[in-house]
Amino acid sequence: MKKIYGIGRYKESKNDEMKNVIRHYITVLKLIDGPSYSDLKTMLKDSSPIRQNLRGTLFSLESEEGSRLLKELRDKSRLNLSELGIEVDEEHEDLECIRFVTFHPSYSYEEFVEGLRPKADKEGNIKYEIEDGIFKKICKDAFNALMNHAGIDEVWEDELPELSKDEKQIVVDSLENAPKFFLVIDEINRGDISRIFGELITLLEADKRLFAENELTVILPYSKEKFGVPPNLYIIGTMNTADRSIALIDVALRRRFGFIELMPDYEVLEDKLLSSDDEARDVKELAIDVLRKLNERIRKNYDRDHQIGHSYLLKLKEAKTGDEAIQSLQFIWYHEILPLLQEYFYDSPEKLKRVLNDAFVRVEENSFDFEYLEGERFVEELRKVSEQEQQ
């Protein structure tokens with residue numbers, strides 16, 4: 001069976017008497033029951049050993065691939081790599097603790113947790129296999145890292161291990177400094193939350209996690225395996241407050257998340273744009289003032305959730321001269337900010353006029369048109385926007 005049976009150290013040396021002969025040595029450091037070939041294909045799918053179907057004696061791995069493999073061996077085979085004189089690339093390891101996914105209307109439970117996936121063999125025959133989704137995978141990784149941290153010889157591969165009462169207490173006692181895993185879900189409100197999480201929505205609650213007071217597990221519908229959410233897994237969802245679908249977020253999901261509101265931060269702009277005293281400083285200061293004034297008017301004429309974010313103006317950081325700053329600000333203004341305002345006030349031309357001024361928008365009856373200005377005229381009218389009081 002193709003799998004890893006041990007860890008060794010490779011060394012080569014030249015023979016003193018036969019200087020053209022290089023001798024190769026492999027010293028076995030430790031015998032292990034390592035990952036199978038199927039695991040390796042998933043873990044190192046683009047590496048040289050997998051491309052060669054393990055047909056050979058020695059294969060080289062990229063640094064990132066080697067770090068990933070060593071981390072798997074450490075977590076799943078209970079190896080103390082430091083005792084073997086092996087160091088793991090900690091930077092890469094940290095990246096593996098963070099997974100990123102974007103929800104969308106077509107995203108499903110089968111992609112997120114587990115589901116049937118078609119697989120083609122070498123002859124082209126199709127068969128269906130159960131494949132873990134990103135949520136199930138990171139739950140397993142977080143659990144295994146927790147076991148390794150607690151010094152418990154259990155690994156979650158297929159079946160969720162059953163721990164004794166004493167082992168559970170050891171895990172609970174070690175939670176404070178346990179390795180943390182993060183699943184970042186971008187645009188979380190764009191997916192059908194009830195369909196994506198399914199019965200697992202209940203398991204997200206802190207007191208129903210594994211090793212918690214009211215620990216709860218479920219049997220998954222495809223694999224029929226027992227499943228629970230480890231306590232060292234953190235789920236971070238991001239959404240745009242201006243998205244109209246925000247009101248449709250499942251109430252059950254709202255109860256299981258804390259909400260942190262991030263409003264436009266002008267101090268960030270001042271720190272990023274005004275830290276150096278270059279020729280573009282005046283234009284950058286004007287841009288910040290205009291954004292602040294626009295958002296004041298948007299709050300009065302629309303609501304606080306549709307304010308324009310500070311990230312639009314961060315592009316000005318690259319401008320070093322006044323002309324560069326003006327050109328960059330013109331692009332931001334006409335191709336990013338004004339189209340956004342047009343969307344907000346598409347049925348209220350008069351409100352749009354109150355947010356801007358007569359130079360940038362012309363209202364006729366129940367419609368409006370934007371005016372394109374350049375150079376000094378553009379800067380002059382922006383200054384009026386920043387100075388004029390709400391009409």
Side-chain angles (χ1 to χ4, degrees), residues 32-35 39 42-43 64 66-84 86-101 112-114 132-185 188 197 200-218 220 225-238 256-258 260:
I32 63 172
D33 184 19
D39 293 332
T42 301
M43 191 190 322
E64 181 179 320
S67 295
R68 189 184 309 133
L69 179 57
L70 286 173
K71 178 178 177 294
E72 290 287 328
L73 292 174
R74 185 192 63 186
D75 293 344
K76 296 185 177 181
S77 301
R78 303 293 155 242
L79 280 173
N80 188 333
L81 296 177
S82 60
E83 290 182 358
L84 302 179
I86 300 174
E87 297 295 331
V88 175
D89 183 349
E90 294 297 333
E91 181 179 354
H92 177 71
E93 181 183 2
D94 289 342
L95 292 174
E96 286 296 299
C97 295
I98 303 173
R99 313 290 167 83
F100 187 93
V101 64
F112 190 62
V113 184
E114 67 170 15
D132 292 346
I134 187 172
F135 183 60
K136 187 177 178 182
K137 288 178 180 177
I138 197 171
C139 282
K140 286 184 174 182
D141 290 344
F143 178 90
N144 292 335
L146 185 57
M147 294 300 100
N148 182 66
H149 175 73
I152 297 175
D153 190 21
E154 292 289 353
V155 179
W156 185 2
E157 292 182 346
D158 297 322
E159 294 291 336
L160 179 63
E162 291 285 349
L163 272 62
S164 67
K165 184 177 180 180
D166 291 341
E167 288 175 327
K168 287 183 178 181
Q169 188 58 50
I170 292 173
V171 173
V172 171
D173 293 340
S174 68
L175 280 177
E176 184 176 354
N177 298 315
K180 296 177 173 58
F181 284 70
F182 300 88
L183 177 60
V184 181
I185 305 175
I188 190 171
F197 278 92
L200 304 186
I201 190 72
T202 303
L203 305 185
L204 297 180
E205 296 184 35
D207 68 328
K208 294 182 175 62
R209 300 283 187 103
L210 296 175
F211 314 112
E213 180 181 358
N214 301 311
E215 176 184 288
L216 187 65
T217 60
V218 299
L220 296 178
E225 297 171 1
K226 187 165 71 170
F227 181 85
V229 179
N232 58 328
L233 172 61
Y234 298 83
I235 300 175
I236 301 173
T238 67
R256 289 166 173 83
F257 280 81
I260 301 175

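FYI, side chains are in, hydrogens and waters are out, and symmetry mates aren't considered; it's all heavy atoms of this structure.
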Side-chain touch [X]/[Y], heavy atoms, less than 4.5 angstrom:
{"X": "I98", "Y": "V184", "value": "yes"}
{"X": "E225", "Y": "D158", "value": "yes"}
{"X": "I236", "Y": "I188", "value": "no"}
{"X": "I235", "Y": "F135", "value": "yes"}
{"X": "F227", "Y": "L160", "value": "no"}
{"X": "L220", "Y": "L200", "value": "yes"}

Shortest non-hydrogen contact from [X] toward [Y]:
{"X": "G237", "Y": "F257", "answer": "N-CE2, 4.4 Å"}
{"X": "P230", "Y": "A142", "answer": "CG-CB, 3.7 Å"}
{"X": "E162", "Y": "E154", "answer": "O-OE2, 4.4 Å"}
{"X": "F182", "Y": "I138", "answer": "O-CD1, 3.5 Å"}
{"X": "G228", "Y": "W156", "answer": "O-CH2, 3.5 Å"}

Nearest-0.5 Å distance that lies between atom [atom1] in [X] and atom [atom2] in [Y]:
{"X": "E157", "Y": "E159", "atom1": "CD", "atom2": "CD", "result": "11.0 Å"}
{"X": "L210", "Y": "L203", "atom1": "CG", "atom2": "CG", "result": "8.0 Å"}
{"X": "D141", "Y": "L146", "atom1": "CG", "atom2": "CG", "result": "12.5 Å"}
{"X": "T202", "Y": "N214", "atom1": "OG1", "atom2": "CG", "result": "12.5 Å"}
{"X": "L233", "Y": "C97", "atom1": "CG", "atom2": "SG", "result": "11.0 Å"}

Which residues share a side chain to side chain donor-acceptor pair (under 3.5 Å) with D132, sequence neighbours left out: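 Listed in chain order: K136, K140.
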K208: side chain to side chain donor-acceptor pair (under 3.5 Å) partners, not counting sequence neighbours: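 So K208 forms a side chain to side chain donor-acceptor pair (under 3.5 Å) with E205.
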F211 and F143 aromatic ring geometry - parallel, tilted or perpendicular at 30°/60° bounds: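 Taking F211 first and then F143, their aromatic rings lie parallel (interplane angle under 30°).
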Test item: R209 side-chain N/O and L204 main-chain N/O as donor-acceptor pair under 3.5 Å: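 Such a contact is found between R209 side chain and L204 backbone.
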Any donor-acceptor N/O pair, N144 side chain to V155 backbone, under 3.5 Å: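 Looks like no, no N/O pair under 3.5 Å.
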For residues 169-178, which side-chain N or O atoms pair as donor and acceptor with protein atoms under 3.5 Å away, sequence neighbours left out?
{"unit_1": "Q169", "atom_1": "NE2", "unit_2": "D173", "atom_2": "OD1", "d": "2.9"}
{"unit_1": "S174", "atom_1": "OG", "unit_2": "I170", "atom_2": "O", "d": "3.3"}
{"unit_1": "S174", "atom_1": "OG", "unit_2": "V171", "atom_2": "O", "d": "2.9"}

